[in-house]
Amino acid sequence: MSKLSLGQLHAPCIYYNLDGYYDDVKHFLQQMIAKGFSSAEKQQGVYFAESLEEI
């Protein structure tokens, strides 16, 4: 995820959020944007999938 935000990786970062396992990570990333520590642009390419079909 760090390489993605630094522009060093051009593949998506996909969290398989089975049963909400990564909900806290998703919330943390949203809070980083809200508090000005990150931006939507830096987090572009980070996805949370609820199923294998979605991935």
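In Q31, the CD atom is crowded: over 12 heavy atoms of neighbouring residues, nucleotides or ligands sit closer than 6.0 Å.
Clustering ILVMFWY residues whenever any of their side-chain heavy atoms sit less than 4.5 angstrom apart, transitively, puts Y47 in a cluster other than the one holding M1.
Under the rule for a side-chain hydrogen bond (donor to acceptor under 3.5 Å, both in side chains), the partners of E50 that lie at least two apart in sequence or sit in another chain are N17. S2 is linked by a side-chain contact (heavy atoms from CB on, under 4.5 Å) to nothing, counting only residues two or more places apart in sequence or in another chain. Applying the side-chain contact (heavy atoms from CB on, under 4.5 Å) rule to Q8 yields the partners K3, L6; only residues at least two apart in sequence or on another chain are considered. Taking F28 as the reference, M32 meet the side-chain contact (heavy atoms from CB on, under 4.5 Å) condition, with sequence neighbours excluded.
If you take OG on S39 and CD on Q44, they are separated by 9.5 Å, rounding to the nearest 0.5 Å.
Members clustered with I33: none, using a 4.5 Å side-chain heavy-atom cutoff among hydrophobic residues.
For L4 against L9, the heavy-atom pair with the smallest separation is CD1-O, 3.4 Å.
Judged as a ring-ring contact (aromatic ring centres under 6.0 Å, His included), the pairs with a partner in residues 6-25 (not counting sequence neighbours) are, in order, Y15-Y22, Y15-F48.
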